[in-house]
Structures are given as structure tokens and as C-alpha cells.
Amino acid sequence: MGIKNHLEVENKTGKAWILFLCFSCSLLFVNAQQAENKDWWKSTTVYQIYPRSFYDTNGDGIGDIKGIIEKLDYLKNLGYETIWISPFTESPQRDFGYDISNYTAISPQYGTMQLFDTLLQQVHKRGMKLIFDLVMNHTSDQHEWFKESASSRTNPKADWYVWKNGKGKNGTKRPNNWRAMSGNWAWTYSPERKQFYYNAFLPFQPDLNYNNPAVKEAMFNVARFWLNKGVDGFRLDIISAIYEDSLLRNNPPSGRLTPSDKSLTIFFQHVKNNFLQEKSFSFSTELRQVTDEYTNSKRVLVGESHGAEKTLRRFCLDAGKPGLDMVFMFNAISMPFKAKKYHKMIENFEQYFAEPLMPTLVFSNHDRTRTITRLGGSVAKRKLQTLFQFTARGVPFTYFGEEIGIPKVRIPLKQGQDAIAIQNKKLPQGLVDLSKETLNRDECRTPMLWNNSANAGFCSPEVKPWLPTAKSYAEINVETQESDSNSLLNFYRNILHLRSKTPALQDGTFELAKNLCSNKILAYYRTLRNEKYLVVLNMSKSKVKNKISGGKQLISTHRNSENTTLLPYEGKLIKIE
Ligand code: NOJ
């Protein structure tokens, strides 16, 4: 071999080596990234967008996908890592998207599939994740599946929904006594089939029949459609209702009007036979197998269900089998703002959702009264609750607008656009106003407040927004709060940023600091390896002597924080040195 050839061969071998090394390194990097990514959901922070109310770019008074794209930097800069968007697929909008007529098409009110693809790409470009809201339990009565199913008792989709003959001589009496989650009766008569169909929520939302394997497969394929697009997971609407008792037995009575963590009750009825059936837990395992088909990145499942922690846990881990990654733990929403109550709540979370499970920390959503209103308008309490939400062990979920303290906007039932309000419009308004829970969900869905211009920057001033904006928008809006270092918004920003650079607050162990806890104080440690943090929350209206000595205070909810005391509703995050 001549020198030139020899060099060429060496050169080639050298190049090959370099290529090989680069390839190996990139594999290592990809593997490391995958290893790192597998648990991304455990340490993430989630922001829920109600698309109708977020940002309107096309002048129809309704928020849209383009609006979400335009506001992604706001969320990124604030420090959120994941967004969950309430449904935006085709729907007659009687339940504003939770009544789906086509699972794989975008509602024209919100945009196009192309815009959705851009949104997803823009989310990923920013290193963020997107969770899709999947309504598996029911469709709209305008869905082609239902139209076909309702057309006769013999059509090919005849048993895609839960049909049952009525009782009584003419078969016009409901098949059993079940109540739906929204309070109404759970059966609706179809004159075409001369039968009743079951609806766990509202009458125009017929429940799919998951005992039929074809239904399950069709819905799993819907999931695959969105997973193939690259969504990072699903929020599973009303997953507690996915199965019913196969014998459709009557529900027993209950002494309560509304659900509690001990009993799932609706209008003095324990909904034992139409919610939380055994099969719902194994369904979670099957669904998990679908998301696990996607090995390139972890796709996450978060379920919506009421119930005690002990029951909720079964969605995530049942008989040793993994199912959903998370469930919403709604007990926190209505938990009285008291140290002892939070203490008990967090003990429960830790008991049932210890590693490898993860609790969720949820204080509001598009169905429930706005948090600040629940707390009597107190920004101090909201800051304290936020400190708890972002430092306790769990995945925090923020409902849009909570970060600036949008209050509940009173909208009388008679003016309600929400299907629940329409259903309840005959109730005396005086009684409704007394309730802490909203019967008109419009009240917690009013538009985002971006600035102090007319319509608060949600839509242009000459357009009528689909719901009125909160009157306080002149003071409560993003722009104003951005320029105030002491605002609720900047408190969110600080805590989000601190959390993102403090692994102990994301993945650290949790331990109540029992010697500091009292009727007024909730205190706990978060520890990871040799990093230890203490969170002390004074949940009372009085000043309390500070028993902690040493450590470095990283954050206080109060500007005028003192060393020796905890001010009323003051919370501190301290690094133990
Ligand atoms: C729960 C959703 O959060 C709610 O908004 C919806 O109306 C019902 N499920 C029915 O889909």
C-alpha cells in the first residue's frame, strides 16, 4: 500500500472512529435524556387553559388556538412546564367542548388542525409539554356513532351506548333510580328506539358502552391518533364513570346532598352502581398499555374522579399493576383554610400516594368556584396557598387566571350559558348565592385579564366577549401585576423559578415538621440527598413567634418579613444549612 493510500485508509478509519464515537455519544445522550425524561411528569408544573376564555385573536369574542400560541411565552416566562388544554375538538358546544361530535377534528371556533400542529410544535420548541383533554366516557348526542346507535335497535352500532328498556306498561319509566353527576336523572328516553340511554353527566352526553370491545378499540385509536401527533398525555374526563354495574342495580339512599370524600353522593343517593366500578381500575391499566406503546417519550395519564384517596389510588396502582400516573385530588379544593385540616389532608396524600405514586395539588378548575373568592378575596391567603401548592410533594395544577387572582364573576342562573346553569335556572337565585359551590360554571370561566384596556385585552374593545370580564380588571390584570414586584403574579413567578432550580422541591422526600405544627402552623421538610428545605406556613390571622433558628430564608409571602415572627398568613421557605 502506498503512503497516500495508507493515509487515506487511516483517514477513513479515523473518520469512522469519530463517527462511531459521535454516534455512541449521541446514543448515550439520547438514553440519558430518555432516562431523565421518563419521570418528567412527576416534577412538572401544569397550567390549565380553558381555550374559550384565554385569548381571542380573530375577533369573535371567543378564545382560540392562535391565542394560545401567542401567549406561550407568557407561560414559559412565568415558569410553567406543561399545559393542559380543555377540549377544542368538534362539538355542538352545549357543554363547551365536553360534548364531542368528532374526536379527530378541530372545532372551527378554535382553529384548524394545522394550527393545532403549530401549537404543539411551538410548545415542544420551548421545552414544554402538552396534555390533551380526552373525553372517553361519553360523546355528544350529535356524534355520528350515537346518531347511528339511536337510529334502530338493530344497526351495527346498536350497543355502542348503554341502552335499556324502560319499566312500566309502556316502557316509559326509567330503568332504575340512578342520578347523573350533574344532579339530573341519568336516563334519557329515545323515541326512535323506544328505549332509554344512560348519561352519567347531561342528557345530551350519552355514555359509551365499554363492555363492547369495538368501542374500547375505537376510543383507544382516538388516543393513538393524538399520541401519534405527539401530545404528551391525556387528562381523562370523568373517568370514574367509565363503567356501570352490569346488572344496572338501583343505587342505595344516602344521608347527604352532595359528595364527600367518604361517600359519592348525589341528591341523597349513593351513586354506588354507576360510578367507580371495579372495571374502571382495570380499564386504567389497559389504557396505560396504549400510552406505553410510545417508547420514545413518556406519555402521561391524569384522571378526573371524585372519591377518597384510598379509592383514587386504585386508578394508579391496582393489584400491583400500574394504571394512570395521576388523579386529581379534589378534596383540596374545598378544604377549609386551616393548618390542622391541611395537615390531615397532606398526611392522607402521603399515606396513599407515597413513592412511586405522586399526589396532585389542585385548588380550582373550570367547574369550581375561583380560589380567591373561596378565600374571601385575600391575596395573603392565596400567596400562602400557592407556597404550599408549589412546595409540598405533588404535581401542582394552576387553573388559568389563578395566578393573578381572577375572582368569581357573579352571573345569575337565568343568564347562564353553562348547561348546568340552564338545567338549574328555576332554582331561587338567593339560595344559589349562599352556596360556596357555583351552580353556574360561567362564573369561573370568564375571560383572562391581560391588561387594563376595555375587555381586559382578551378580545378587541369593539367585540363582545362570550362572557363578561371581571369588573376589577383595571387592577387585576397581567400587565399591571407584572410591574408590581409584590403582586400575586410575581409571587407565582418567584416560586415557580425557585422550584424549577431546586430538585428537592420537586422530587425530595416529604416529612411533616411535627414539632413546629400547631393549630396555626403547618410546617414540613423537603429533602433530597444533602439538600434540606423547611416550609413554615402560618395559616392564622395572628402573629406567631418564629421557633426556627438558622437556615437561609429563600422566600417569604410577605415583603416585610421578620426573623423572630411569622406575620399573619405568612409563609417562609428556608434552606437548612
Ligand atoms: C367534567 C368536566 O370537568 C366538566 O366541565 C364537564 O362538563 C363534565 N366532565 C362532562 O364532560
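Remember, it's 1-based here, ligands and their atoms both numbered in the order they're listed.
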Option passing salt bridge (Lys or Arg N to Asp or Glu O under 4.0 Å) with Asp325 (candidates Arg299, Lys42, Arg288): Arg288
Going by the atom numbers of ligand 1, which of them fall below 4.0 Å from some non-hydrogen atom of Arg445? 5 (O)
Does a donor on one side chain and an acceptor on the other come within less than 3.5 Å for Glu403 and Tyr74? yes
At a 4.0 Å threshold, what atoms of ligand 1 neighbour a non-hydrogen atom of Glu304? 1 (C), 2 (C), 3 (O), 9 (N)
of all protein heavy atoms, closest to atom 9 (N) of ligand 1 is Asp237 OD1, 2.9 Å
Min over Asp99, Asp95, Ile239 of heavy-atom distance to atom 6 (C) of ligand 1 lands on Asp95
Mind checking whether His138 has a heavy atom under 4.0 Å from ligand 1? yes
Are Arg313 and Tyr352 in a cation-pi setup, meaning NZ or CZ lies under 6.0 angstrom from the ring centre and within 45 degrees of the ring axis? no
Assess Arg235 for proximity to ligand 1: is some non-hydrogen atom of it under 4.0 Å away? yes
Give the ring-plane orientation class for Tyr80 versus Tyr492, where under 30° counts as parallel, over 60° as perpendicular and anything between as tilted. tilted
Interfacing atoms of ligand 1 (cut-off 4.0 Å, heavy-atom, Tyr98): 5 (O), 6 (C), 11 (O)
Kindly determine whether Trp466 and Phe458 satisfy ring-ring contact (aromatic ring centres under 6.0 Å, His included), including the steps that lead there. CA-CA 10 Å; Trp466 79 283; Phe458 163 70; 8.5 Å; no
For Asp367, take its heavy atoms, then give the atoms of ligand 1 lying under 4.0 Å from any of them. 1 (C), 2 (C), 3 (O), 4 (C), 5 (O)
Angle class for the Phe328/Phe330 ring planes (parallel below 30°, perpendicular above 60°, tilted otherwise)? parallel
Quick one, Phe88 with Tyr110, criterion ring-ring contact (aromatic ring centres under 6.0 Å, His included). Give me CA distance, side-chain angles, the key distance, then yes/no. CA-CA 6 Å; Phe88 44 81; Tyr110 296 130; 7.3 Å; no
Show which atoms of ligand 1 fall inside a sub-4.0 Å distance from at least one heavy-atom site of Arg441. 4 (C), 5 (O), 6 (C), 7 (O)
Proximal atoms of ligand 1 relative to His366 (non-hydrogen, under 4.0 Å): 2 (C), 3 (O), 4 (C), 5 (O)
